[in-house]
Number of protein chains: 2
Amino acid sequence: MGETIKNISKEQIISAAAKLFRQKGYASSSMRDIASSLHIEAASLYHHIKNKEEILEIICFSMAKRFLDAIAEVNDIYFNAEEKLRKAILFHVEIITEDIDKSAVFLREWRSLPDTFLQDFLRLRNQYESDFTRIIENGIEEDLFETTDKKFAVLSILSSVNWINEWYQTEGKMRPNEIAERISDFVMGGLRKKLVTDIHYRP
Amino acid sequence: MGETIKNISKEQIISAAAKLFRQKGYASSSMRDIASSLHIEAASLYHHIKNKEEILEIICFSMAKRFLDAIAEVNDIYFNAEEKLRKAILFHVEIITEDIDKSAVFLREWRSLPDTFLQDFLRLRNQYESDFTRIIENGIEEDLFETTDKKFAVLSILSSVNWINEWYQTEGKMRPNEIAERISDFVMGGLRKKLVTDIHYRP
DNA sequence: ATGTTTGCCTAACAATCGTTAGACAAAAAT
DNA sequence: ATTTTTGTCTAACGATTGTTAGGCAAACAT
């Protein structure tokens, strides 16, 4: 018969699970589904992982870490608020497009985390949001941005960036930096041609 | 003992289900969960509905109809593209805030629809998107809007509007029309103070 | 060469799932 | 007054769930 040893790694299990979780959702993906996508039996998974919830935890928290590390880097390096915002958006898009499966799980399936982990997770998510908000605040202080409601602006920006997870395809022709640029342009106010200030515009 | 007849309506079942589907997701909400939230037994549900999937179908398609009717009304009544866009956003926000449970299911849980219904559902969703896109196109023709990528603008707008489902609370102080106004303002380019044209700005 | 560890397997478990059958009482229709 | 319909119930079904126990062969350590 075939080899009995296939040496599946923990990372392979996580990736296979993420792919399924994205397609069918966490609750609808069984351990047998995950196992058979790796051509092993469900019981074999437990040699590598504690249980099903651990898989979800690892995906959600590793992605959270990536996002938080990215925005920390932005705040370390750049000073100008617009540069910061553009770079933050670029990093965000890059992280999402680098692994659409895991980022889909991060964005959608975190609700299935057990209660204690859910609280930690939401803390991290709030941290990320407030780091983003800080950038907008910087922009306002620098007299670059103008917005009535910071919180609102951040949520609009993040929702736009997160939405790319719904339609992005690796085979697609649009590269992450193109996507990030278009979102940035749009966010910076690209849609409307005539602003109030344009009333005074003289070429 | 107590009354044996409670006369639960189909709509009560749908609402109770929507509430649970929002909290725990479709797959993680059992028929017994739905039943016990109505103080009846699971088997009793089947006097009112065909099966579990039917509940999801009804929620998803009734919400889809609301959204499509709303944007059809916008296109019937208004002519100016900015008015259209603002009204379309207002209706969208109103529909979402009117029933956060059902709209959450519409936005998140449609993936669990059986294949045939899923295709119909996505057709309706694309219809809505292209109705929205048409408004942006109108705006460009009217020389009101300026955007490199229409599809992109629409997706950004819709994602921003849909995101309110994540944080909106009925008890919150913000009314739907306030929310719609802020989103509209933001979308119309409220964030950035200094545009390229502002280089030439002379007060 | 021998013993230990690793990585898979088969088999089974209790729990829970959606759903159906059939009984029974209240309400409505005749 | 009798029949029919309606809305619930209890009980059970087969399937599937996450998980555990225990076996066995390959790989590794000594």
Side-chain angles (χ1 to χ4, degrees), chain A residues 1-21 23-60 105 109-118, chain B residues 1-21 23-60 105 109-118:
Chain A
M1 329 301 163
E3 279 80 281
T4 44
I5 292 197
K6 311 182 179 158
N7 262 313
I8 300 284
S9 70
K10 190 164 181 172
E11 176 52 35
Q12 273 177 287
I13 292 175
I14 309 268
S15 291
K19 188 171 186 176
L20 280 169
F21 291 173
Q23 284 168 4
K24 322 200 304 170
Y26 173 76
S28 301
S29 307
S30 71
M31 294 299 272
R32 284 166 180 84
D33 289 336
I34 299 170
S36 78
S37 86
L38 292 163
H39 309 287
I40 60 174
E41 297 299 315
S44 308
L45 293 171
Y46 290 85
H47 231 265
H48 302 88
I49 53 139
K50 215 175 91 246
N51 51 32
K52 192 186 175 188
E53 279 176 348
E54 197 206 8
I55 303 180
L56 184 61
E57 285 158 27
I58 291 176
I59 296 174
C60 288
V105 175
E109 304 297 329
W110 55 267
R111 278 170 244 268
S112 299
L113 284 168
D115 260 9
T116 48
F117 286 99
L118 207 156
Chain B
M1 323 298 165
E3 279 79 281
T4 45
I5 291 197
K6 310 181 179 155
N7 262 312
I8 300 285
S9 70
K10 190 163 180 173
E11 176 52 36
Q12 274 177 287
I13 293 175
I14 309 266
S15 290
K19 188 170 184 176
L20 281 169
F21 291 173
Q23 284 169 5
K24 323 198 304 170
Y26 172 76
S28 301
S29 306
S30 71
M31 294 299 272
R32 285 165 180 84
D33 289 337
I34 299 170
S36 78
S37 86
L38 293 163
H39 309 289
I40 60 173
E41 297 299 316
S44 309
L45 294 170
Y46 290 86
H47 230 265
H48 306 272
I49 52 140
K50 215 175 91 245
N51 52 34
K52 192 185 176 188
E53 279 176 349
E54 198 206 5
I55 303 180
L56 184 62
E57 285 158 27
I58 291 177
I59 297 174
C60 288
V105 175
E109 304 297 329
W110 54 267
R111 276 170 244 268
S112 298
L113 283 169
D115 260 8
T116 49
F117 286 98
L118 208 154

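Each chain gets a letter, A, B and so on, in the order the sequences are listed, and its residues count up from 1.
Spacing between atom CD1 of B:I8 and atom P of D:dG7 amounts to 11 Å, rounded to whole angstrom units. Rounded to a whole Å, the OH atom of B:Y46 is 12 Å from the P atom of C:dC17. The CG-P distance, from B:L45 to C:dC17, rounds to 13 Å in whole Å. In this structure, A:H39 atom NE2 and C:dG7 atom P are separated by 19 Å, rounded to whole Å.
Look at B:S30 and you won't find any side-chain N or O under 4.0 angstrom from OP1 or OP2 of C:dT16. Residue B:N51 places none of its side-chain N or O atoms closer than 4.0 Å to OP1 or OP2 of C:dG18. The shortest distance between the side-chain N/O atoms of A:H48 and the OP1/OP2 oxygens of C:dC8 is below 4.0 Å.
Taking every side-chain heavy atom of A:A43 into account, C:dA11 is the closest of C:dT19, D:dG18, C:dA11. Listed candidates were D:dG7, D:dC9, C:dG18. Nearest to the side chain of B:M31 is C:dG18. The side chain of B:N7 approaches D:dG7 more closely than any other nucleotide in the set C:dC9, C:dA12, D:dG7. Closest approach to the B:I40 side chain among C:dT10, D:dT8, C:dT20 is made by D:dT8 (side chain taken as heavy atoms from C-beta onward). Here the nucleotide nearest the side chain of B:R32, chosen from C:dT19, D:dT17, D:dC9, is C:dT19.
Each of A:A42 and A:H47 has a nearest nucleotide on DNA chain D; the 5'-most of these lies closest to A:A42.
Heavy atoms of B:S44 sit under 4.0 angstrom from at least one base atom. Contacts of B:S28 with the nucleic acid, taken as non-hydrogen atoms under 4.0 Å apart, are absent.
Within the 3.5 Å criterion, the main-chain N or O of A:I13 finds no donor-acceptor partner in the side chain of A:H48.
Under the 4.5 Å side-chain criterion, counting only non-hydrogen atoms from C-beta, A:E109 is not in contact with A:I59. Side-chain contact between B:Y26 and B:E53: present, with at least one pair of heavy atoms (C-beta onward) separated by less than 4.5 Å. At least one side-chain heavy atom of A:E57 sits under 4.5 Å from a side-chain heavy atom of A:L113. Contact annotation: the side chain of A:S44 never approaches that of A:I8 to less than 4.5 Å [non-hydrogen atoms, C-beta and beyond].
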